[in-house]
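Owing to the predicted nature of the structure, the values given are computational and were not obtained by experimental measurement. Every chain is numbered from 1, with letters handed out A, B, ... down the list of sequences.
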Protein chains: 2
Amino acid sequence: MSRRAVQSRIARAAEELFVDKGFEETTVDEIAAAVGMSQRSFFRYFASKDEVVLDSLERLGEDLAARLAARPAGEHEWDSLRRAFDPVVERFGDPVSREHDAAIQRIIDRSPRLLASYLCRLELLQRMLTDALLARSEDADPVVLRAMVGGAFACLHAAAFPACDPEEFAPSLDRTMAALRPVGAS
Amino acid sequence: MSRRAVQSRIARAAEELFVDKGFEETTVDEIAAAVGMSQRSFFRYFASKDEVVLDSLERLGEDLAARLAARPAGEHEWDSLRRAFDPVVERFGDPVSREHDAAIQRIIDRSPRLLASYLCRLELLQRMLTDALLARSEDADPVVLRAMVGGAFACLHAAAFPACDPEEFAPSLDRTMAALRPVGAS
DNA sequence: CAATGATTGACAGTCACTGACACTTCCGGG
DNA sequence: CCCGGAAGTGTCAGTGACTGTCAATCATTG
């Protein structure tokens, strides 16, 4: 059985426990027992308890980065970012993934510890996207570019925050990104 | 001796150790020993090891919130936010606080764990500022407002990032906030 | 002085996480 | 067929953050 497969078996079992008892209240021993392995082996598949939850985010992040890299270099950065967010919008459109993501989000929001590492991942992702944008337009102001990526994520975050109904999310994101759209930037 | 005074004694000793040996490499026992108290008492003054470092940020955050609340209600939110950032700019102007803040920032950046809780605090602060703005102009779009606060913090973060020389910071912030300034918002 | 409430230290316990080591399984080469 | 290492695993012991508990101390107030 492949590493990836074992990881997702662990993740599934863990998420079920987290939903039942909460993140902090679930011990690594319990997760390991649920999939029939030792605690030590759990840590061979995930570097920390946090990672079990944040793993799916990681892959979504890679997706975003790939989308952004695929955008034409001449396009306004703001528009490229909006298009890079399409996978998120799509996931929101599918009831199954949306329900799953909402569950994950609830787990994250209920645990300050998890929320912290979640934000850390987002920060890292923003840095990656900034670098990607910086590479394609070298004459741009790095500070402004960085702020722009942060602003775009702020829009995404704000639009997703109320966990609004699925019909609301995409328009909300577009409206917010239109309101915060930088005027002059190259 | 007041609680506050004890906390700052602990914080001073801890920061010295953190600068010397790094955050992760310094144990709570060592900090407690340095100020001559038991580990148990340390945790009576700070809820976690992280808090020792993030405590000063907490007070800066309160300052920001107060400044924002003091701005006239008719002012454009973006300008109010810029003015609320003045304390940060001021701290950056004073060589002593700047050196201290830079040391703190270095400690934070070197420890993923700390960086995570730092971002969590920032998130909390943004939520507070959003609520303050929302209270003063009830007709505004909450989602857009939230994104705007996030965008302003992204500017602040981006401008502070390169740990540039003191002369650079304020202009960099102004330039970035001008570039990302929302056009239409009330 | 005595009662009382807050502060503290000492101790034990939980839990995330790490390192070391032994063991199994599998697989290609002799 | 046996031997070799490589990869995955369990076990055990240890560290360090954090918590609960209890008894002692200290300051305050009546």
Side-chain angles (χ1 to χ4, degrees), chain A residues 1-55 57-58 107-108 110-121, chain B residues 1-11 13-55 58 107-108 110-121:
Chain A
M1 195 181 264
S2 81
R3 177 176 179 80
R4 188 89 254 160
V6 177
Q7 281 177 328
S8 77
R9 261 185 57 220
I10 298 176
R12 264 195 299 274
E15 280 163 21
E16 194 172 330
L17 287 167
F18 293 157
V19 169
D20 278 3
K21 320 179 27 181
F23 180 78
E24 319 269 11
E25 290 71 26
T26 304
T27 71
V28 175
D29 280 313
E30 288 169 334
I31 301 171
V35 289
M37 60 169 50
S38 70
Q39 192 212 50
R40 195 65 187 87
S41 285
F42 170 92
F43 282 109
R44 286 181 178 115
Y45 287 100
F46 292 100
S48 70
K49 198 169 102 172
D50 299 358
E51 274 211 5
V52 184
V53 181
L54 269 28
D55 191 44
L57 179 75
E58 192 81 16
I107 296 171
I108 293 176
R110 281 209 241 279
S111 161
R113 175 132 159 28
L114 244 188
L115 178 59
S117 14
Y118 168 72
L119 293 172
C120 204
R121 294 293 169 108
Chain B
M1 197 183 257
S2 80
R3 177 176 179 81
R4 188 89 254 159
V6 177
Q7 282 178 327
S8 77
R9 262 185 59 218
I10 298 175
E15 280 163 20
E16 193 171 332
L17 287 168
F18 292 158
V19 169
D20 278 5
K21 319 178 31 180
F23 179 78
E24 318 269 12
E25 291 72 25
T26 304
T27 70
V28 174
D29 281 311
E30 287 169 336
I31 302 170
V35 289
M37 60 169 50
S38 69
Q39 192 213 50
R40 193 64 186 86
S41 286
F42 170 93
F43 282 109
R44 285 181 179 115
Y45 287 100
F46 291 100
S48 71
K49 198 170 101 173
D50 298 359
E51 274 211 5
V52 184
V53 181
L54 268 28
D55 190 46
E58 191 80 16
I107 295 171
I108 293 176
R110 281 209 241 279
S111 161
R113 177 134 158 22
L114 244 189
L115 178 59
S117 13
Y118 167 73
L119 292 172
C120 203
R121 294 293 169 108

Give Arg3(A) one of three labels, base, sugar-phosphate or nothing, depending on what nucleic acid heavy atoms sit under 4.0 Å from its own.
-> nothing

With a 4.0 Å heavy-atom cut-off, tell me which residues in residues 20-39 of chain A come close to DNA chain C, sorted by residue number.
-> Thr26(A), Thr27(A), Val28(A), Gln39(A)

Minimum-distance nucleotide (side-chain atoms of Arg40(A) versus dA17(D), dG20(D), dG19(C)) | dG19(C)

Nearest non-hydrogen partners of Val53(B) and Phe18(B), listed with the distance = CG2-CE1, 3.5 Å

Per side chain to side chain contact (heavy atoms under 4.5 Å, CB included), Thr26(A) is matched among Val19(A), Ile31(A), Val52(A), Ile107(A) by Ile31(A)

Could you tell me the separation between the CZ atom of Phe43(B) and the C1' atom of dA10(C), rounded to a whole number of Å?
-> 16 Å

Flag if over 12 foreign heavy atoms under 6.0 Å of CD, Glu16(A) | no

Round to the nearest Å and state the distance from Phe42(A) atom CZ to dC17(C) atom P.
-> 8 Å

Pairs counted as Watson-Crick or G-U wobble with both distances under 3.5 Å: what dot-bracket string results for DNA chain D, using | for bases tied to another strand?
-> ||..||||||||||||||||||||||||||

First encountered from the 5' end of DNA chain C, between Lys49(A) and Tyr45(B) = Tyr45(B)

Applying salt bridge (Lys or Arg N to Asp or Glu O under 4.0 Å), name anything that partners Asp55(A), two or more places apart in sequence or on another chain.
-> Arg4(A), Arg59(A)

Between P of dT7(C) and CZ of Arg4(B), the distance in whole Å = 15 Å

Per side chain to side chain contact (heavy atoms under 4.5 Å, CB included), Tyr45(B) is matched among Arg9(B), Glu51(B), Gln7(B) by Gln7(B)

In sequence, state the C-alpha distance, the side-chain angles, and the governing distance for Asp50(B) and Phe23(B), and then conclude on side-chain contact (heavy atoms from CB on, under 4.5 Å).
-> CA-CA 9 Å; Asp50(B) 298 359; Phe23(B) 179 78; 3.5 Å; yes

Are the side chain of Ser111(A) and the backbone N or O of Ile108(A) linked by a donor-acceptor pair below 3.5 Å?
-> no

Round to a whole Å and report the spacing from CZ of Arg44(B) to P of dC18(D).
-> 15 Å

Do the non-hydrogen side-chain atoms of Glu30(A) and Lys21(A) ever get within less than 4.5 Å of each other?
-> yes

